2 protein chains.
Amino acid sequence: MTQQNRNSPAPASAERGGHAEGPRKAADEKQVFLDYLARQNLKLTRQREAVVNEIFRDSGHFEAEEIVQRLRNNRVRVSRATVYRTLELLKECQLVEQHNFGTAQSYYEHVHLGEHHDHLICTQCGNVIEFYNQRLEDVQQEICSNFGFEETHHSLRIFGVCSKCRQS
Amino acid sequence: MTQQNRNSPAPASAERGGHAEGPRKAADEKQVFLDYLARQNLKLTRQREAVVNEIFRDSGHFEAEEIVQRLRNNRVRVSRATVYRTLELLKECQLVEQHNFGTAQSYYEHVHLGEHHDHLICTQCGNVIEFYNQRLEDVQQEICSNFGFEETHHSLRIFGVCSKCRQS
DNA sequence: GTTAATGCAAACGCTTTGCAGTACA
DNA sequence: TGTACTGCAAAGCGTTTGCATTAAC
């Protein structure tokens with residue numbers, strides 16, 4: 001469902017995708033989350049930890065319901081409500097982003113510390129291609145600066161037909 | 001709620017915003033819609049026409065419900081269902097775009113023939129600033145071409161704090 | 001006259017919430 | 001032991017849909 005690509009200088013590790021990120025990095029991310037909980041006087045529950053671990057195992061896009069199912073397949077029962085509540089926390093510490101690709105539900109995405117990318121979305125097969133382009137980021141920076149606007153984050157979605165679908 | 005801005009060569013008329021577009025242009029757009037109906041063997045009903053006129057009167061962002069209310073204030077009763085169905089048609093002939101700005105509901109926008117812009121969204125006051133930047137478009141074009149991707153449309157949303165909110 | 005459109009209200013699907021019971025710190 | 005968290009089921013909310021009626025062509 002998701003491809004990984006970079007067509008410009010990669011600002012961080014290049015081995016993204018699948019389960020390939022190094023153990024140190026995942027540990028760092030988990031620490032960010034733990035620190036956040038501590039700072040807010042929140043508790044690390046069995047369920048919260050299970051959800052976070054499941055999300056950190058991978059770097060693709062997923063739906064909330066998918067996490068419920070993946071955990072259930074592993075014999076871990078966590079309610080939908082708790083998954084949504086945990087996603088909210090992860091968004092707050094910028095470890096997860098929420099996307100809308102034109103359908104009713106939201107897609108979430110595990111974002112690695114400080115990394116960012118945008119999306120090409122094939123409206124025929126639903127495939128989502130990720131890319132990062134430094135020039136694009138620079139131009140956006142400049143636009144914000146022109147408007148005296150202080151960016152926190154952005155989302156660029158390019159819709160169209162991917163190369164595979166164009167061939168068939 | 002919405003500002004209009006261009007910080008790059010304007011590809012079309014500069015007097016956009018408010019109710020300022022010329023009568024010729026509005027007529028052209030209506031013709032596009034009428035042609036579309038004819039081509040698809042669809043009918044121009046009283047309700048459909050009322051919805052389209054109401055949308056073409058203005059160029060800001062709006063919610064579906066807002067159209068229902070604006071018409072009702074003018075003593076024109078059109079059901080929510082019909083408004084949604086008409087918006088669908090307008091999207092199909094590219095006279096309206098659908099956006100998600102991070103809240104539950106969709107925002108729609110009357111887009112003028114062949115024009116396009118992106119959005120800066122202030123997460124503090126909710127203000128939406130429109131902009132167009134040719135360099136940005138060029139870079140996107142290039143990215144698509146690198147991926148063999150055929151773009152139909154795109155949406156860039158930059159979230160952050162606008163200059164007014166930064167001052168206060 | 002035929003075909004498509006409308007309005008209503010019910011259905012939908014994702015997400016959120018109130019609340020009583022549970023578990024972390 | 002106190003406070004936060006969980007699960008459940010119900011509610012919310014924007015949006016879509018089935019169906020009987022109405023209107024365009």
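By convention in this document, chain letters (A, B, ...) are assigned in the order of the sequence lines, proteins followed by strands, and residues within each chain are numbered from 1. Side-chain atoms are counted along with the backbone in the values below, which use heavy atoms only and exclude waters and symmetry mates. These figures come from a predicted structure and were not determined experimentally.
- Distance A:R85 CZ to C:dT22 C1': 13 Å, rounded to the nearest Å.
- Taking atom CG of A:L37 as the reference point, atom C1' of D:dT3 lies 15 Å away to the nearest angstrom.
- Atom C1' of nucleotide D:dG14 and atom NE2 of B:H99 are separated by 18 Å, given to the nearest angstrom.
- Using a 4.0 Å cut-off, some side-chain N or O of A:R77 falls inside it from OP1 or OP2 of D:dC8.
- Under 3.5 Å, the side chains of A:Q98 and A:S106 contain a donor-acceptor pair of N or O atoms.
- D:dC5 atom C1' lies 10 Å from atom CG of A:L42, rounded to whole Å.
- The shortest distance between the side-chain N/O atoms of A:Y84 and the OP1/OP2 oxygens of C:dT15 is below 4.0 Å.
- A donor-acceptor pair is defined here as one N or O able to donate and one able to accept, closer than 3.5 Å; no such pair exists between the side chain of B:Q141 and the backbone of B:D138.
- In terms of phosphate contacts, A:S106 brings a side-chain nitrogen or oxygen within less than 4.0 Å of OP1 or OP2 of C:dT15.
- With hydrogens and angles ignored, the 3.5 Å screen pairs a side-chain donor or acceptor of B:D118 with a backbone N or O of B:L156.
- A donor-acceptor pair shorter than 3.5 Å cannot be found between the side chains of A:K164 and A:N127.
- Map B:Q98 and A:V78 each onto its nearest nucleotide of DNA chain D; the residue landing nearer the 5' end is A:V78.
- Not one side-chain nitrogen or oxygen of B:T45 sits closer than 4.0 Å to the OP1 or OP2 atom of D:dA23.
- Residue order along DNA chain C, read from the 5' end via each residue's closest nucleotide, puts B:R48 first among B:A81 and B:R48.
- Protein atom CZ of B:R80 is 17 Å distant from nucleotide atom P of D:dT17, rounded to whole Å.
- For the OP1/OP2 pair of D:dC13 and a distance below 4.0 Å, the side-chain nitrogens and oxygens of B:Q105 include no atom meeting the criterion.
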